[in-house]
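Comments concern the structure below.
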Amino acid sequence: MKRLLAWLATCATALGLTALTGPPAAAAAGCSVDYTVTSQWQGGFQAAVKITNLGDPVSGWALTFTLPDSGQKVVQGWNATWSQSGSKVTATPADWNRTLGTGASTDLGFVGSFTGSNPKPTAFALGGVSCTGSVEQPPPGGGEPGPGTGTPVGINGKVHVCGVKLCNQYDRPIQLRGMSTHGIQWFGSCYNTASLDALARDWKADLLRIAMYVQESGYETDPAGFTQRVNGLVDQAEARGMYALIDFHTLTPGDPNYNLERAKTFFASVAARNANKTNVIYEIANEPNGVSWTAIKNYAEQVIPVIRAADPDAVVIVGTRGWSSLGVSDGSDESEIVNNPVNATNIMYAFHFYAASHKDVYRTTVSRAASRLPLFVTEFGTVTATGGGALDRAGTTAWLDLLDQLKIGYANWTYSDADESSAAFRPGTCNGGDYSSSSVLTESGALIKSRVSSADAFPTG
Ligand code: IDC
């Protein structure tokens with residue numbers, strides 16, 4: 001081992017890797033993977049995986065691929081840390097092969113088990129970039145901010161659920177913090193170049209939740225038009241290196257099954273269109289209410305396969321009973337989900353709160369549920385559940401401290417100038433071009449901006 005290390009150190013010096021202190025501002029990226037089954041026996045096999053970095057040097061990487069047969073499992077691997085979530089496998093480097101210069105290779109391997117046939121895995125990617133043997137050049141000019149320049153998406157790449165957490169391309173848990181739009185049918189003018197630049201640059205948001213109401217003059221009135229608007233905002237978020245949470249904002253009626261056919265049509269379309277993007281997360285039902293967990297689960301198990309058929313490896317978030325309260329607002333709790341989870345992998349469950357309405361019993365539930373279920377706070381307010389009333393600063397702070405501690409991601413309602421205290425901007429802001437001055441912020445906006453803009457500590461490698 002010592003000799004190997006010494007040899008690697010020599011190679012690293014020869015490749016000029018000692019000068020590698022951090023990622024270049026914008027990097028060329030590309031890779032190839034040679035996958036060989038070196039031996040196979042009844043129910044088992046051994047595979048060799050040679051990765052070659054064709055792009056700029058990397059220090060820290062994650063290899064991901066998909067096992068095509070759901071019976072296949074990685075039993076034991078070497079020369080990397082191996083993990084598997086559903087059919088998705090992630091390998092992250094050991095200390096000695098963290099750094100890969102341009103043209104450098106590293107040899108990994110694993111022993112796997114299988115049932116049925118044993119086809120070759122698919123979708124090999126290094127750091128979220130497909131290993132096709134070609135190289136993606138950085139965009140000309142490399143303008144800031146952008147997806148490859150130290151932005152949330154640039155650093156974390158494609159996210160996935162790992163245990164009860166959300167993990168980045170290095171298979172390390174992360175918390176994504178950002179803002180929700182208001183209903184895009186009403187506040188579309190609030191989402192423009194200047195406001196989204198402010199969200200990415202000043203607020204340093206990781207995430208834009210795109211609230212597409214289905215009723216109340218939303219999607220049902222113009223499916224093609226709303227689908228297009230959502231896709232446009234996905235692109236706007238991507239261009240700024242932010243994740244886009246596509247929210248199918250069901251609210252009234254509360255049974256998501258009322259919109260089942262619409263959901264299938266909508267998600268088939270957005271999942272096909274956005275399948276190759278790194279930044280998309282799907283939220284399939286905002287706030288189920290007046291409906292049982294069984295009915296919600298049934299809806300999820302019909303919509304998720306539609307998404308997976310087009311976009312197999314994106315995270316999907318499922319709304320929960322009682323306005324996404326994990327059932328608490330209906331006198332239940334998370335146990336109904338723990339005992340009867342949605343039959344799908346790479347999913348999370350939504351929890352929503354409004355700080356002035358949802359207090360200790362809700363916080364206790366989230367603290368307890370967080371060790372059992374992957375949770376994402378896809379919507380919360382600093383005020384009462386009406387979206388109005390006085391700001392609850394202490395309650396909001398207690399909630400956000402808890403979410404930070406548990407690394408639970410969140411989006412605040414709303415990045416808009418609605419005339420209600422939950423909005424971040426004062427009424428009229430979206431008629432002008434200034435989204436950056438403190439004078440355009442409401443009390444809630446100022447509080448949330450200070451929280452969202454604090455530094456992210458995204459782990460790499
Ligand atoms: C509210 C809006 C308000 C709108 C109302 C009805 O703030 O302007 O008139 O919806 O569409 C939720 C919902 C979210 C609500 C929000 C505040 O997801 O749509 O927005 N809220 O009431 N759940 C709890 C609170």
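When a ligand or atom number is given, it counts from 1 through the structure's own listing order.
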Is [X] close to ligand 1, meaning an N/O of one under 3.5 Å from an N/O of the other?
X: Ser422; result: no
X: Leu251; result: no
X: His352; result: no

_Ring centroids only, cut at 6.0 angstrom: are Tyr219 and Phe266 within range, meaning strictly under it?_
yes
*Measure from the ring center of Tyr354 to the ring center of Phe380 and say whether it is less than 6.0 Å.*
no
To the nearest 0.1 Å, how far is [atom] from its closest protein heavy atom, and which atom is that?
atom: atom 6 (C) of ligand 1; result: Glu216 OE1, 3.4 Å
atom: atom 1 (C) of ligand 1; result: Tyr213 OH, 3.8 Å
atom: atom 7 (O) of ligand 1; result: Glu420 OE2, 2.7 Å
atom: atom 22 (O) of ligand 1; result: Ala385 O, 2.7 Å
atom: atom 13 (C) of ligand 1; result: Glu379 OE2, 3.3 Å

*Mark whether atom 9 (O) of ligand 1 lies under 4.0 angstrom from at least one protein heavy atom.*
no
Per-atom contacts of ligand 1 with [X], taking only distances under 4.0 Å to non-hydrogen atoms:
X: His249; value: 13 (C), 14 (C), 18 (O), 19 (O)
X: Asn286; value: 18 (O)
X: Thr386; value: 17 (C), 22 (O)
X: Gly387; value: 17 (C), 22 (O)

*Please list all pairs passing the ring-ring contact (aromatic ring centres under 6.0 Å, His included) test where one or both residues lie in residues 383-408, with sequence neighbours left out.*
Phe351-Trp399, Phe353-Trp399
Do [X] and [Y] have side-chain atoms, one donor and one acceptor, less than 3.5 Å apart?
X: Glu283; Y: Thr378; result: yes
X: Ser332; Y: Asp330; result: no
X: Thr250; Y: Asn286; result: no

*Where do Ser422 and Gly387 come nearest, in terms of heavy atoms and distance?*
OG-O, 2.8 Å
*asked:* Can you give me the closest heavy-atom contact between Pro68 and Gln72, atom names plus distance?
replied: CD-OE1, 3.3 Å
*Ignoring hydrogens and angles, tell me if any N or O in the side chain of Ser416 forms a donor-acceptor pair with the backbone of Thr181 under 3.5 Å.*
no
_Within the structure, is a non-hydrogen atom of Tyr354 found at a distance of less than 4.0 Å from ligand 1?_
yes
_Using a 4.0 Å heavy-atom cut-off, which part of Phe353 comes near ligand 1: side chain, backbone, both, or neither?_
neither
*Sub-4.5 Å side-chain heavy-atom contact between Phe65 and Leu126*: no
